[in-house]
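By convention in this document, chain letters (A, B, ...) are assigned in the order of the sequence lines, proteins followed by strands, and residues within each chain are numbered from 1.
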Amino acid sequence: MSLTTKDKETVKAFWAKVAPKAEDIGQDALSRMLVVYPQTKTYFAHWKDLSPGSAPVKKHGATVMGGVADAVAKIDDLTSGLLNLSELHAFTLRVDPANFKILAHNILVVFAIRLPNDFTPEVHVAVDKFLAAVARALSEKYR
Amino acid sequence: MVEWTDFERATIQEIFSKIDSGVVGPAALSRCLIVYPWTQRYFGSFGNLYNAAAITSNPKVAAHGKVVIGGLEQAVKNMDDIKTTYKDLSVLHSDKLRVDPDNFNLLADCLTIVVASQMGQAFTPDVQAAFQKFLAVVVASLRKQYH
């Protein structure tokens with residue numbers, strides 16, 4: 001299920017609308033993940049406050065969306081483009097890759113809330129494929 | 001027995017009283033058929049599903065979307081025993097329709113996204129958690145009679 005030229009164009013066009021709200025979207029998606037999938041909190045035991053909209057959640061949501069923005073820019077070769085991030089997740093963070101899907105789902109939910117008219121089914125499928133490709137690139141170095 | 005908090009019960013009742021089943025059902029089913037095209041395998045008799053525009057305007061898809069919401073409304077009315085309420089539906093999906101139960105999660109995700117876009121900011125993380133818990137119970141009940 002690799003990205004077609006059309007998929008890439010759709011993702012880039014949609015990202016132009018996401019970009020101004022990226023930090024807010026990131027914070028919202030992360031907040032939702034921690035509430036709706038409480039098992040994901042295990043990765044953030046070192047944070048003082050895991051509640052929606054808290055300072056560490058805000059900061060980290062922005063970091064995550066920064067990574068996604070980077071992936072959009074490197075959409076033509078995610079595997080080499082995200083090499084450092086893959087090493088980080090594989091050797092340091094050791095996040096179980098199943099969680100990438102969970103976070104992706106919550107990002108999509110926030111897109112639906114914030115950009116309901118732009119997040120059409122056609123955009124949804126392209127973005128879903130893109131986030132799955134990002135997850136694959138992030139998993140590259142795991143084993 | 002599934003334990004529902006007062007908040008969860010109230011939230012589910014409110015969502016289903018607020019949403020327009022004629023809009024959400026068709027939107028969720030057509031989104032599922034577009035985003036996860038392999039799900040089209042179950043709808044061979046529905047006619048033109050060749051592209052997103054065809055799926056979105058297909059009257060059989062729209063009609064079936066409403067049927068699906070009708071099924072969910074039965075679960076909302078019987079939240080304390082969805083498993084029993086869905087016994088026949090589960091047999092139907094297993095023995096007659098022969099739907100791979102993993103597809104239930106795909107439709108559930110599309111329902112979540114459509115309801116989120118309808119409710120906007122009112123679809124808070126806690127509301128999302130309640131809605132996804134409800135859908136998880138529905139999916140588990142639909143899987144129950146598979147053998």
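If you take OG on B:Ser117 and CG on A:Asn117, they are separated by 9.0 Å, rounding to the nearest 0.5 Å. In this structure, CZ on A:Phe111 lies 10.5 Å from CD1 on B:Ile113, to the nearest 0.5 angstrom.
If you chain together hydrophobic residues whose side chains sit under 4.5 Å apart, A:Leu83 and A:Leu93 never meet in one group. B:Val91 and B:Leu142 fall into different hydrophobic clusters, defined by Ile, Leu, Val, Met, Phe, Trp and Tyr side-chain heavy atoms under 4.5 Å apart, directly or through other members. One hydrophobic cluster, built from ILVMFWY side chains closer than 4.5 Å, holds both B:Leu97 and B:Val139.
Using a 4.5 Å cut-off between non-hydrogen atoms, the part of residues 118-138 of chain B that approaches chain A consists of B:Gly120, B:Gln121, B:Phe123, B:Thr124, B:Pro125, B:Asp126, B:Gln128, B:Ala129, B:Gln132. Taking 4.5 Å as the heavy-atom cut-off, the residues of residues 44-72 of chain B that approach chain A are B:Ala52, ordered by number. Contacts between residues 77-86 of chain B and chain A, defined by a heavy-atom separation under 4.5 Å, are made by no residue at all. Contacts between residues 3-30 of chain B and chain A, counted as heavy-atom pairs separated by less than 4.5 Å, involve no residue at all.
Residues A:Met1 and B:Trp38 approach most closely at SD-CZ3, 4.1 Å, considering heavy atoms.
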Exercise. Walk me through it: do B:Tyr36 and A:Val125 pass the test side chain to side chain contact (heavy atoms under 4.5 Å, CB included)?
Key: CA-CA 8 Å; B:Tyr36 309 107; A:Val125 58; over 6 Å; no
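Using a 4.5 Å cut-off between heavy atoms, A:Tyr37 touches chain B through its side chain atoms alone.
Taking A:Lys129, A:His105, A:Glu122, A:Met33 one by one and counting their heavy-atom pairs under 4.5 Å with chain B, the maximum is reached by A:His105.
The environment of A:Lys8 atom NZ is dense: over 12 non-hydrogen atoms of other residues, nucleotides or ligands sit within 6.0 angstrom. Around CD of A:Glu23, the count of heavy atoms belonging to other residues, nucleotides or ligands within 6.0 Å does not exceed 12.
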